[in-house]
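Both counts, for ligands and for their atoms, begin at 1 and track the order of listing. Values below: all heavy atoms of this structure, side chains included; hydrogens, waters and symmetry mates excluded.
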Amino acid sequence: MPITADSSSVTITHPDSPQSSVKILHYGATVVSWKVKGDEKLWLSESSKLDGSRAVRGGIPLVFPRFGPPGSHPATDKLPQHGFARSSIWEFLGEVNPTTVQFGLGPENLDADTKSAWDYDFSVIATVELASPSQLNVSISVENTDRKPFDFNVLFHTYYKVPEVEKVSLEGFTELKYYNKVKDSNDESGLQPITIHEEFDRVYRSTPDVAVIKFDQKPLYTVENSKSLTDTVVWNPWTVTAEKMTDFAPKQGFHHMICVENGNVAGFTTLKPEEKWEGSIAIKSHI
Ligand code: TA6
């Protein structure tokens with residue numbers, strides 16, 4: 001059976017490789033596991049709540065309709081950090097084919113407080129496809145079904161599992177401008193491939209459509225994003241921030257993860273009534 005479901009999750013197993021699978025929770029439509037030939041490829045905190053009481057710490061949480069903490073954008077400022085999609089229960093819409101499933105989110109899935117904090121009619125569909133035994137595709141479509149326009153951010157907050165983050169490099173970002181959240185400094189740019197040896201939290205703008213995450217100089221993951229996703233956030237909490245997060249375990253786990261997050265977060269995208277927007281990522285695992 002390529003697709004199995006229980007009351008809280010759906011699992012796709014690849015028809016050609018019973019050891020390759022992806023598991024998605026109804027909660028947040030969060031991908032919490034992606035196995036390639038038996039090996040887990042996504043980092044998931046050992047103390048992450050998976051019962052719907054708190055956004056998942058790991059996997060691929062979906063950020064919508066705002067990225068980051070409330071700031072200077074009145075239309076989304078009543079929402080919590082990273083919006084409500086990752087902490088809402090999505091409806092399982094069923095399978096599209098033996099390797100693809102869909103989840104839907106609309107105002108009918110929100111609690112009263114969230115609905116009043118973001119008072120729009122909308123339809124969001126998340127599609128998860130195990131495209132091959134070593135490739136995972138995730139996409140989101142956002143449709144404005146209201147009579148007024150709305151602004152939104154989208155981000156695939158992907159936690160990649162890596163053997164040791166200090167031996168990881170991320171290529172394709174040289175000379176790009178970024179906001180350095182750790183220093184609260186804008187418009188920095190770097191000449192070297194990204195490497196991580198301390199707390200790292202940056203929003204790179206106008207990033208290329210393909211990024212290669214390497215380990216020991218060899219490709220580990222290739223991530224291809226749709227042109228509609230213009231920015232990439234790169235994050236590793238390192239010691240002090242990992243220590244502060246109650247749902248981050250083990251505390252040294254930051255050595256084994258890197259978040260490379262494709263999205264539209266440097267500014268808001270405006271969607272007029274009846275308009276639809278789509279964004280997608282395709283992740284290939286090389287090992
Ligand atoms: O995407 C990076 C980031 O915004 C970081 O600044 C860090 O706070 C992280 O997300 C985790 O946020 P969370 O709300 O899941 O604790």
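Atoms of ligand 1 found under 4.0 Å from any heavy atom of F67, numbered from 1 in the order shown, are 1 (O), 4 (O). Taking a cut-off of under 4.0 Å to the non-hydrogen atoms of D201, the atoms of ligand 1 that pass are 2 (C), 5 (C), 6 (O). Heavy-atom contacts of K181 reach the following atoms of ligand 1: 4 (O), 5 (C), 6 (O) (cutoff under 4.0 Å). Counting atoms of ligand 1 from 1 in the listed order, those under 4.0 Å from a heavy atom of Q81 are 8 (O), 12 (O), 13 (P), 14 (O). Atoms of ligand 1 found under 4.0 Å from any heavy atom of R57 (numbered from 1 in listed order, with element): 11 (C), 13 (P), 15 (O), 16 (O). Every atom of ligand 1 with a heavy atom of H82 under 4.0 Å away is listed here by number and element: 3 (C), 4 (O), 10 (O), 12 (O), 14 (O). Set against the non-hydrogen atoms of V233, the atoms of ligand 1 under 4.0 Å away are 1 (O), 2 (C). Residue E261 has at least one heavy-atom neighbour below 4.0 Å for each of these atoms of ligand 1: 1 (O), 2 (C).
Evaluated for a side chain to side chain contact (heavy atoms under 4.5 Å, CB included) with Y179, the options D231, N186, D201 yield exactly one hit, N186.
Contacts between R86 and ligand 1, counted as non-hydrogen atom pairs separated by less than 4.0 Å, involve the side chain only.
Side-chain atoms of N225 come within 3.5 Å of backbone N or O of L229 as a donor-acceptor pair.
Salt bridge status for D113 with K78: absent, with no side-chain N to carboxylate O gap under 4.0 Å. Remark: D187 engages R205 in a salt bridge, criterion side-chain N to carboxylate O under 4.0 Å. Between K177 and E188 there is no salt bridge, since none of the side-chain N atoms of the basic residue sits less than 4.0 Å from a carboxylate O of the acidic one. Ion pairing between D247 and R54 holds under the 4.0 Å rule for side-chain N and carboxylate O.
The shortest N or O to N or O distance between Y159 and ligand 1 is not under 3.5 Å.
Counted by atom type alone, R202 and S185 present zero donor-acceptor pairs between their side chains at under 3.5 Å.
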